[in-house]
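To keep things clear, I will list the structure first and then write my remarks on it.
Given the structure is predicted, the values throughout are model-derived calculations rather than measurements. Chain letters run A, B, ... following the sequence lines, proteins first and then strands; every chain starts at 1.
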Protein chains: 2
Amino acid sequence: MSVESSRRQKQQAALGQLLQLAMLINEDMEHGLGRVGLTPSRATLVWELLHLGPSTQRVLAEAIGVSPRNVTGLVDALVDTGFVVREPHPTDRRAALVSFTEHGARIAEQLKRDGEQLADDLFADMPDGQFSALVKGFDVLMARLCELIAQAKEKEAQR
Amino acid sequence: MSVESSRRQKQQAALGQLLQLAMLINEDMEHGLGRVGLTPSRATLVWELLHLGPSTQRVLAEAIGVSPRNVTGLVDALVDTGFVVREPHPTDRRAALVSFTEHGARIAEQLKRDGEQLADDLFADMPDGQFSALVKGFDVLMARLCELIAQAKEKEAQR
DNA sequence: TATTGTTATACTCTATAACTATA
DNA sequence: TATAGTTATAGAGTATAACAATA
């Protein structure tokens, strides 16, 4: 077995680990969401609403990258479960402004704290040097990945 | 701003980066799957079938972690699109053996090669030292995460 | 009696297209 | 004419429960 093939195998193991890590974190977060009565998609909307403030569904659709029709369903569900309300837009009678109920605002803040807690749980015990090396690796991977995606898009556009 | 709070912020940024990295990789893979006519769930079944060889639906259900009913739908779809066939089980007349068509086997092998290619694209340019540090970070994170999940499970079991 | 896979039913997320009310 | 959000329709993934055929 050559040195190159060994590195290859390590690279595949690394990709596998990265994917598994992501899967486990997602499952963990999803589990936490379920405990407060949110699904991942609804939580994404709640998250955006926390950062945007009261917004039209159109704005929310663009923020979370789904169709306007889809947002109707997510907002319907969040209204039914008491997280948000639709209010009339002050100047545009076609539009509705989505904003938090008290309960929704409380849960949104809790999601924020939960995220902070998770980051702390994952990284707090890591020595500074190891942590910086990991972040540096993330940076490099992200840059490389964006490069790959841009290349792929270019190729597709040529067709 | 204290040193501690700065580290906190970096930790959150790191978690955000990890999640975004995972999201981008998943989107990229999903895009590739779409090009060969597979959805993520169906591809997971194809992937398991590649590693298990011809299997009953029950075995597949446990391998991919979904209900037997769900596997029925996935196999139906993969039969309709020409990736797999159901064959009678040689000794158990209740069960069906799912196995690849020629086309399915070819695509499954291609998925494997695509994964290898992606790992190469992502990591090949990384110096050995940086790569090892990154893998070490993944190891530590994975261990920490499994610890956290185990703790959470224990707490839930107490209720 | 237990197991394999099905039918029946339901919920979530997603999309496009056609339509209504309003700009 | 364009935009905001809806109804209508469709497809994918997921689940539980009841039931068939077979072990």
(message) Among residues at least two apart in sequence or on other chains, which ones pass ring pair (Phe, Tyr, Trp, His ring centres under 6.0 Å) with H89(B)?
(response) none
(message) List the residues meeting side chain to side chain donor-acceptor pair (under 3.5 Å) with Q20(A), not counting sequence neighbours, and say none if there are none.
(response) none
(message) E116(A): which residues meet the side chain to side chain donor-acceptor pair (under 3.5 Å) condition with it, sequence neighbours left out?
(response) none
(message) Tell me which one of D128(B), D125(B), D120(B) satisfies salt bridge (Lys or Arg N to Asp or Glu O under 4.0 Å) with R7(A).
(response) D128(B)
(message) Going by ring pair (Phe, Tyr, Trp, His ring centres under 6.0 Å), name the residues that satisfy it together with F131(B), two or more places apart in sequence or in a different chain.
(response) F123(B)
(request) If a pair satisfies salt bridge (charged side-chain N to carboxylate O under 4.0 Å, His left out) and one of its residues is in residues 52-80 of chain B, list it, with sequence neighbours excluded. (result) R58(B)-E62(B), D76(B)-R86(B)
(request) Return the residues of residues 18-28 of chain B meeting this criterion: a heavy atom under 4.0 Å from some atom of DNA chain D. Order them by number, or give none. (result) none
(request) Would you kindly give the CG-to-P distance between L45(A) and dT14(C), to the nearest whole Å? (result) 10 Å
(request) Can you sort out the partners of A108(B) under side chain to side chain contact (heavy atoms under 4.5 Å, CB included), two or more places apart, ordered by chain and number? (result) V46(B), L50(B), F100(B)
(message) What I want to find out is whether E156(A) reaches K153(A) closely enough, with some N-O distance under 4.0 Å, to be called a salt bridge.
(response) no
(message) In the structure I gave you, are the side-chain heavy atoms of I25(B) and L141(A) within less than 4.5 Å of one another anywhere?
(response) no
(request) Could you note down all residue pairs passing salt bridge (charged side-chain N to carboxylate O under 4.0 Å, His left out) where residues 97-113 of chain B supplies at least one of them, sequence neighbours left out? (result) none
(request) Could you identify which residues of residues 88-98 of chain A place a heavy atom less than 4.0 Å from some atom of DNA chain C, listed by residue number, or say none? (result) T91(A), D92(A), R93(A), R94(A)
(request) Keeping to residues at least two apart or across chains, list the salt bridge (charged side-chain N to carboxylate O under 4.0 Å, His left out) pairs with something in residues 91-100 of chain B. (result) D92(B)-R94(B)
(request) Verify the cluster assignment for L18(B) and L33(A): are they in a single hydrophobic cluster under the rule of side-chain heavy atoms below 4.5 Å apart? (result) no
(request) Could you tell me from which nucleotide to which nucleotide of DNA chain D, 5' to 3', there is an atom under 4.0 Å from chain B heavy atoms? (result) dA12(D) to dA23(D)
(request) Specify the residues of residues 55-82 of chain A, ordered by number, for which at least one heavy atom lies under 4.0 angstrom from an atom of DNA chain C. (result) V66(A), S67(A), R69(A), N70(A), L74(A)
